[in-house]
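Everything on this sheet refers to the single structure shown next.
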Amino acid sequence: MIETFLIIASGLLWLLMVALAGAGHWLAGLYALLALLLVYAILGTSHKGRFDLRLVLFPTGVWLLCWAAAFGLGEYFARAYDSGVPTFTIFGFHPSFAAIIALFWVVPTLVMGFGFEAVKDRWLSQKQWDDFLTNVHEASPDQQDDEQA
Amino acid sequence: MSDTVKYLILASSFTVLAVSFLIGLWARRKVTSPEAFIGGAKIFGPLTVGLATMAAVGSAFAVVGVPGLVFSTGNAILLFMFAAPAFVFGYLVIGKKVRALAEIGTVASLGDLSDLRFNGHRGIKLLLSIMLFIGCVMYLSAQVEACAKLFENLFDWNKFVIAFVIFAILIAYTVLSGEIGGVLTQAFQGLVIVVAGFIFTASFFAVTGGFGPVLEAIASTETSLDPSALTAWGSLPGAYSFAWVLLPALGIMCQPQVLTRMTMLRTPRELPKLSLYAVITNMITGLMVMAIGYCAIYLVAAGKVVISHPDTAVFKVADYLGIMAQLFVYPAVLAAALSTSSLFLSLAGTIVSRDLSGALGIHLLPARQVTVSRTAMMLMGLAAIGFAALSGDMVAILGTYGFGTLAAATFPIFVIGLLWRRASSRGVMLGMLTALITTLGGISVELLKRFGLTEFAWPGDVPWYVFVLAAAVTVTIAASLLDRAWSDDQLDRRVRMALDL
């Protein structure tokens, strides 16, 4: 039931996101995208019908927060200096784009890359995988037929 | 550029091709079954798959197209390149389920995965095959355009002759070694791109002194370049920034070059390492393409280089930097184009000889499969050359068309289908049908606009493939919910275990 509810929410978020962008509110559409990614992240942690919210919070949650900040700062500085050259730069970048470099690219990429490795056992332990292999190889297609009959 | 330099560049580019060919020959030893030939071997480690995935996703779209768009429209397209966390997200969300399905039956193609999840539903497989074929044509056309620009810049050769020669070589080595050779050659080509990335980035800092002088050059020089191009969103309408964040964030996980590679890994517990290798190499590529784009802006603003077409920016910059840069950048472009092309050509072969024929109830003998596969590759090559010529779009734009179409083809099956057990065969088929119809509509509108036959504008300037994706997803969900024939018992117990993992 919760899975179905989340999938319906994802469908509505798709519609909202595209409607916002189509109406010219593309930045709001980007924030709707973050909510959509969060829904898929929750669904992706499901194991035998249970969701692992700790796995959602890290690394995915941190990544999405970084992106939310990047969009906000990117837009703020783009508007602040929309008429020309900014009065200051960050590592030589326009401050609007520097927010993207730090919070859209470098930090979240490293958080997701190394974070996934750090939560590997929580995501899929060796025991879970071995159990899956054993159960799958025990449940041959013939058995399936018998059970269904 | 002197003739000696030209032939040195040509030699270095063809060295990449020759090494790729030799790897293909060597890989034949590992091909022990037809399934292994078309991609059914779970024998690779995370480094090989990570490099191969990066090279296939990056492609000439990244190395030629992105710097061209950065040069002409600013930073917006870099959002696409910088969305590397999406690789990790994809593996995290559907990676173990995809890999688990490969334990249930032989998975040598996306059609096999679809068969497992949807009980061999022929309609879904047929629509998947057609959509993948269309997406492959568009993505390949970007590679054709990039190769053509490379050789046009060197020798002023005819675009079509170049495309035919490149495809002939590609088909030869793809047919020779199949997907095993494909993965190994893509890993090698990924390595070439990474090495070129380091060299180019170092050259960029040597020439410009950093990113600050680029901004100063634009501000202090009378050029057509707009300073707003260097904000987060570039000088294109904001809807492009929206689309170029959405497309990789949701689309990378269901690209064929990512999905098929997940099934080739020895164990899903290596997926975190694979994602780490993929994102680090992707970051190096991202740094390189940003450096090329910025270098092009700087050199033009400083009056040192003239760039007549944005897609030639990478070559003009390399030519300015001198022989060392040229000897690495040109081969990197070729490697990027070849890695993706070989993957999509073999995918086309598999679609027609295995998936499409299976969906139509035609069972081909193994020998016949190979002939059909080769014919399909040639048809795909011709279609890609034709589409590149007809659309006349820039490399990066062609790349996004292909990326969007492939995402629309696979999202209902491999994202919704794997995350939601209630996704029914009928629902997914209707979603796929919607994707096919709207894709054809989107392409038709773009072509009509190209020839001045319509002035239709997509709402909010949002690119058409975003609407296609949204329509496919929402129809899949709605139709599945309304499908009263659905029952959980229809699913193979082992598939349920894979979805529960």
Test ring pair (Phe, Tyr, Trp, His ring centres under 6.0 Å) applied to W26(A) - qualifying residues, sequence neighbours left out: W233(B)
Output all residues satisfying ring pair (Phe, Tyr, Trp, His ring centres under 6.0 Å) with F91(A), sequence neighbours left out; order by chain, then residue number. none
Applying side-chain hydrogen bond (donor to acceptor under 3.5 Å, both in side chains) to T45(A) and D52(A), what does each step give before you reach the verdict? CA-CA 6 Å; T45(A) 65; D52(A) 187 341; over 6 Å; no
Looking only at G24(A), A23(A), S125(A), A70(A), most heavy-atom pairs under 4.5 Å shared with chain B are made by S125(A)
Pairs of heavy atoms under 4.5 Å with chain B: top-ranked of I100(A), I7(A), L33(A), D121(A): I7(A)
Would you mind telling me which of G210(B), A249(B), A478(B) has the largest number of heavy-atom pairs within less than 4.5 Å of chain A? A249(B)
Checking heavy atoms, do the side chain of V111(A), its backbone, both or neither come under 4.5 Å from chain B? neither
With a 4.5 angstrom heavy-atom cut-off, is it the side chain or the backbone of [X] that approaches chain A, or both, or neither?
| X | answer |
| --- | --- |
| L274(B) | neither |
| L78(B) | side chain |
| L79(B) | both |
| I94(B) | neither |

For the side chain of N282(B) and the backbone of A278(B), is there at least one donor-acceptor N/O pair under 3.5 Å apart? no
A472(B) backbone acceptor or donor facing T434(B) side chain under 3.5 Å: no
L481(B) versus T4(A): any side-chain heavy-atom pair under 4.5 Å? yes
